[in-house]
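These notes concern the structure reproduced below.
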Amino acid sequence: MAFSYCHSLFPPLQPQNPKPANFKNLKLPRNKSSLRSPSNLIPWNSLITKHRRQGSIQAALLTFFELRKSGIPPDSFTLSVLISVVQELADISLGCQVHALSIKFGYWGEEFVANSLIQMYASFETIDNALRVFEGMSDSASVVSWNSMIAEFVSSELFSGGLKLYGDMQRVGVEPTPTTLSSVLKSCANLKAVSEGKQVHAQVIVRGFVPNEILETVLVDFHCRCGEVENGRLVFNQMKNRNVFSWNSMIRGCSQIGYREEALMCFQAMRRGGITPDKFTYNAILAAAATEEDNHNLPREFRLIHASVIKAGLVMDRFIGTSLIAVYSRNHCLREAKLAFEDTNSTDMAVWSSMISATVKNREGQEAINLFVRMLGLRIEPNSYIFSSLFLACSDLSAIEVGKQIHGYSFKIINSLDSAAKNSLMTMYSNCGFLTEAMTMFDSISNPHLVSFNSMISVLAQHGLPNEASKAFKDMESFGLKPDDITLLNLLSAFNHAGLVSEGLELFASMEKMHGVKPKYQHYACIIDMLARAGEIDQAIGLINQMPFRPEPSLWRIVLGACGKHQNIGIGVQVAEKLIELEPHEATNYVLIANVYARLGRLAEAENIRHLMRDKGLKKEEGLSWIEIKRKMYKFRVEDKSHPQSKEIYDKLRDLMNKITSTGYEPDVSFTVHDIEEERREESLWYHAEKLAFAFGVISTGEGVKLRIMKNLRVCGDCHSAFKHFSLITKREILLKDNYRFHHFRDGACSCGDYW
DNA sequence: ATTACTGCCC
């Protein structure tokens with residue numbers, strides 16, 4: 001708005017030789033009749049001031065130009081008003097010119113002129129200039145100058161600089177005002193400088209500055225932000241008058257540390273007290289809701305609050321919008337989050353960023369990419385945070401081609417991605433089977449943090465590289481970083497995947513002593529998985545019974561799976577009974593026990609279990625495989641014939657199967673479905689989804705090209721064996737990602753060493 | 001005849 005004002009003020013510039021606006025080439029209007037020409041300065045100053053007070057910035061400036069033409073030199077009164085006029089125009093080059101005028105007429109160190117200049121430069125967000133003026137003031141600096149300067153440090157988030165300035169102010173003997181102390185307290189709150197802030201609190205009392213609504217509000221905020229809500233509450237309770245600011249601070253304070261009920265009670269008390277909540281209030285109260293994690297039944301009161309937000313006409317507010325998105329998203333209500341998002345109708349990057357991140361967290365990667373495309377269509381510039389979310393979306397979708405495209409695009413938009421985005425890229429490349437690229441990405445992080453190392457160790461664990469994971473762990477320690485629970489979990493999982501039982505047990509036993517991390521449920525689950533898969537089923541069950549957590553059914557399922565692998569029917573049946581009692585409607589439990597029987601050749605019993613399952617109307621999760629060819633993802637089911645090239649795919653697959661049969665592949669019928677006739681059993685193995693995906697990959701790419709295949713369930717033993725042979729006869733590397741780990745097939749062998 | 005400093009959201 002200020003700029004359009006400038007345009008009406010200044011004559012059009014010469015098109016060939018545009019010059020910046022300045023005082024010299026101004027053409028003034030001719031109707032001077034309205035402007036008298038007083039011969040002494042005071043009436044001029046009064047007139048300029050009057051115009052400014054009335055909001056007539058243009059008239060104020062014009063009057064000043066008239067004064068210059070009259071030849072009367074301006075004084076400090078003129079200049080201080082003029083500076084505040086220019087400040088409102090928000091034109092930095094005009095600002096520099098009035099600064100120059102102040103120097104020219106010798107008033108640059110005068111208190112009022114300098115104060116105005118500091119204020120002006122502060123409003124232009126050029127703190128260096130403000131500081132230069134301030135430093136030039138020497139003795140003329142008043143408490144207003146100090147306050148302006150300290151406030152400017154605080155609003156530039158240079159909190160310790162603000163505190164330092166306050167110290168200087170005390171040293172030169174300038175007495176603080178309530179304004180000073182509120183800025184100082186804000187610094188303390190941000191720096192979590194508890195004892196300094198408390199000293200200031202004492203000053204507030206000693207100097208008799210209370211009651212003062214602003215100062216008390218800052219005090220509430222200070223105590224809450226330093227984690228001492230009770231102290232904040234104390235200040236709040238002693239306040240004579242509470243306005244919307246003070247209530248907001250109190251509600252915010254409660255919600256920030258998860259006092260959800262307290263926050264709600266404040267909210268209600270506030271409304272009872274006749275104070276209308278504003279957008280800050282709603283935001284604070286929604287933040288309280290957002291802190292609740294995994295609350296599948298979003299409390300009714302928050303739907304009511306959303307209703308109030310709509311009624312108050314605040315749905316378009318970007319802060320409210322992001323809060324609503326966060327609340328719904330965390331509670332797995334993505335549909336509602338999307339509605340709140342559409343209600344904002346916003347082009348604000350942060351709003352889009354929250355929505356994209358919400359979709360990714362709810363595992364709707366494709367939707368995240370759709371949103372991104374829509375966002376680009378609106379010419380909203382993505383930031384590093386959005387890119388990070390998108391990389392995770394691609395990781396989740398295993399969509400490497402799209403991921404690379406977005407990675408490439410990010411170079412065009414952003415100079416360098418932050419380390420969070422690089423961590424996401426690492427995960428993406430790894431998850432899509434590009435281990436080398438993931439490691440390169442790690443190396444490109446100039447100052448890797450804990451999260452970067454954690455991601456790297458997790459990547460190495462998933463790819464079955466325990467030695468490399470241990471090395472990364474040691475590198476991390478030599479970087480001076482202390483491992484957290486995630487680091488240790490990832491390292492345990494590296495040992496688990498590789499079957500390094502004694503290393504795993506050793507690390508598990510030393511977690512608390514060596515690294516000060518108490519094993520959590522996940523650590524126990526990892527070790528139990530490791531023991532069970534290694535055949536130490538009794539030991540695994542022993543640990544389940546003695547761990548300080550209640551085992552989830554999924555833990556028993558791990559044991560049951562291991563019983564199948566190690567053909568332990570005795571424990572298998574016991575565990576299956578327990579599981580079916582706990583979760584009578586979970587199909588996997590029936591499938592697992594049926595597999596235990598099948599592996600032992602007890603096909604009739606296996607069949608009975610499957611019938612039982614079918615009678616209950618339960619269906620096992622369908623096995624699916626994906627392969628990405630030329631930026632398109634192709635999905636296959638078992639015996640899938642939906643692909644247009646289906647005939648070619650089946651021909652190729654039959655050809656491949658016949659070839660590997662002659663190189664020593666033997667079908668393992670224990671992996672077949674058991675309700676089909678004996679003679680069809682072998683053949684049904686041929687058309688498992690991952691084999692179809694592989695055959696499609698072979699006919700769709702050139703010779704020797706590495707193929708990457710994804711699967712939603714764990715790879716079956718027969719496919720694992722077939723893929724080893726495939727890698728040999730097609731001379732291709734094959735990467736198969738199942739829901740547990742990566743298998744790199746090459747020259748007839750798999751990276752997992754057949755241990756998975 | 002003059003300037004101006006403070007509180008609550010992603």
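Letters A, B, ... mirror the listed sequences (proteins, then strands); counts begin at 1.
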Q. Reckon Ala151(A) touches a base, only the sugar-phosphate, or nothing at all at heavy-atom distances under 4.0 Å?
A. sugar-phosphate
Q: Give the nucleotide from the list dC8(B), dT2(B), dT6(B) with an atom nearest to the side chain of Thr49(A).
A: dT2(B)
Q. Heavy atoms under 4.0 Å, any strand shown: does Arg318(A) hit a base, just sugar-phosphate, or nothing?
A. base
(Q) Is it the case that the side chains of Glu111(A) and Ser142(A) hold a donor-acceptor pair, with the cut-off being a distance below 3.5 Å and no angle test? (A) yes
Q: May I have the distance from Ile285(A) (atom CD1) to dC8(B) (atom C1'), rounded to whole angstrom?
A: 13 Å
Q | Per Ser148(A) side chain, nearest of listed nucleotides dC10(B), dT2(B), dC5(B) | A | dC5(B)
Q | His99(A)-Tyr121(A) aromatic ring centre distance below 6.0 Å | A | yes
Q.
I'd like to know if Asn243(A) reaches the base of dG7(B) with its side chain, counting only an N/O donor and acceptor under 3.5 Å.
A. yes
Q: Would you please indicate yes or no on a ring centroid separation below 6.0 angstrom for Phe236(A) and Trp247(A)?
A: yes
Q.
I need the single residue from Phe64(A), Trp108(A), Tyr107(A) that forms a side-chain contact (heavy atoms from CB on, under 4.5 Å) with Leu101(A). Which is it?
A. Phe64(A)
Q: Verify side-chain hydrogen bond (donor to acceptor under 3.5 Å, both in side chains) between Thr177(A) and Thr180(A), making sure each step is shown before the conclusion.
A: CA-CA 5 Å; Thr177(A) 63; Thr180(A) 325; 3.1 Å; yes
Q) When you measure from the side chain of Asp348(A), which nucleotide among dC10(B), dC8(B), dA1(B) comes out closest? A) dC10(B)
(Q) Taking the minimum atom-to-atom distance to the side chain of Arg252(A), which one of dC5(B), dA1(B), dC10(B) wins? (A) dC10(B)
Q: Would you mind classifying the nucleic acid contact of Arg53(A) as base, sugar-phosphate or nothing, using non-hydrogen atoms under 4.0 angstrom?
A: sugar-phosphate
Q) Which whole-number value in Å describes the distance from Leu165(A) CG to dC5(B) P? A) 16 Å
Q: Please find out if less than 6.0 Å separates the ring center of Phe372(A) from that of Trp352(A).
A: no
**Q.** Distance, rounded to the nearest Å, where Arg225(A) contributes CZ and dG7(B) contributes P
**A.** 11 Å
Q) Nearest to the side chain of Ile42(A), which nucleotide is it out of dC8(B), dT2(B), dA1(B)? A) dA1(B)
(Q) Donor-acceptor pair, distance only, cut-off 3.5 Å: does the side chain of Ser388(A) make one with the backbone of Ser384(A)? (A) no
Q. Met270(A) CE to dG7(B) C1': how many Å, rounded?
A. 14 Å
(Q) Between the base of dC8(B) and the ring of Phe245(A) - centre-to-centre under 5.5 Å, planes within under 30° - is that a stack? (A) no
Q. Contacts to DNA chain B from residues 206-224 of chain A, heavy-atom cutoff under 4.0 Å, which residues?
A. Glu213(A), Ile214(A), Thr217(A), Val218(A)
Q.
Between P on dG7(B) and CD1 on Ile150(A), what's the gap in Å once rounded to a whole number?
A. 13 Å
Q. Roughly, in whole Å, what's the span from CD in Glu152(A) to C1' in dT3(B)?
A. 16 Å
Q: Give, ordered by number, those residues of residues 111-134 of chain A having at least one heavy-atom distance below 4.0 Å to an atom of DNA chain B; if nothing qualifies, reply none.
A: Phe112(A), Asn115(A), Ser116(A), Gln119(A)
Q.
Rounding to an integer number of Å, can you tell me how far Met239(A) CE sits from dC8(B) P?
A. 13 Å
Q. Checking all strands, does Ser46(A) fall into the base, sugar-phosphate, or nothing category for heavy-atom contacts under 4.0 angstrom?
A. sugar-phosphate
Q) Could Lys240(A) and Glu216(A) be called an ion pair, given the rule that one side-chain N must be under 4.0 Å from one carboxylate O? A) no
Q) Is there a side-chain polar atom (N or O) of Arg242(A) under 4.0 Å from OP1 or OP2 of dG7(B)? A) no
Q.
If you go through the side-chain atoms of Thr179(A), does one of them form a donor-acceptor pair with the base of dC5(B) closer than 3.5 Å?
A. yes
**Q.** Side-chain H-bond candidate by donor/acceptor type, Asn283(A) with Arg252(A), under 3.5 Å
**A.** no
Q. Do Ser93(A) and Asp91(A) have side-chain N/O donor and acceptor atoms under 3.5 Å apart?
A. yes
**Q.** Lys/Arg-Asp/Glu bridge criterion (N-O < 4.0 Å) met for Glu364(A), Lys338(A)
**A.** no
(Q) Taking only side-chain N and O atoms of Lys186(A), does any of them lie within less than 4.0 angstrom of OP1 or OP2 on dG7(B)? (A) yes
**Q.** Nearest-Å distance for atom pair CG/C1', residues Leu324(A) and dC9(B)
**A.** 12 Å
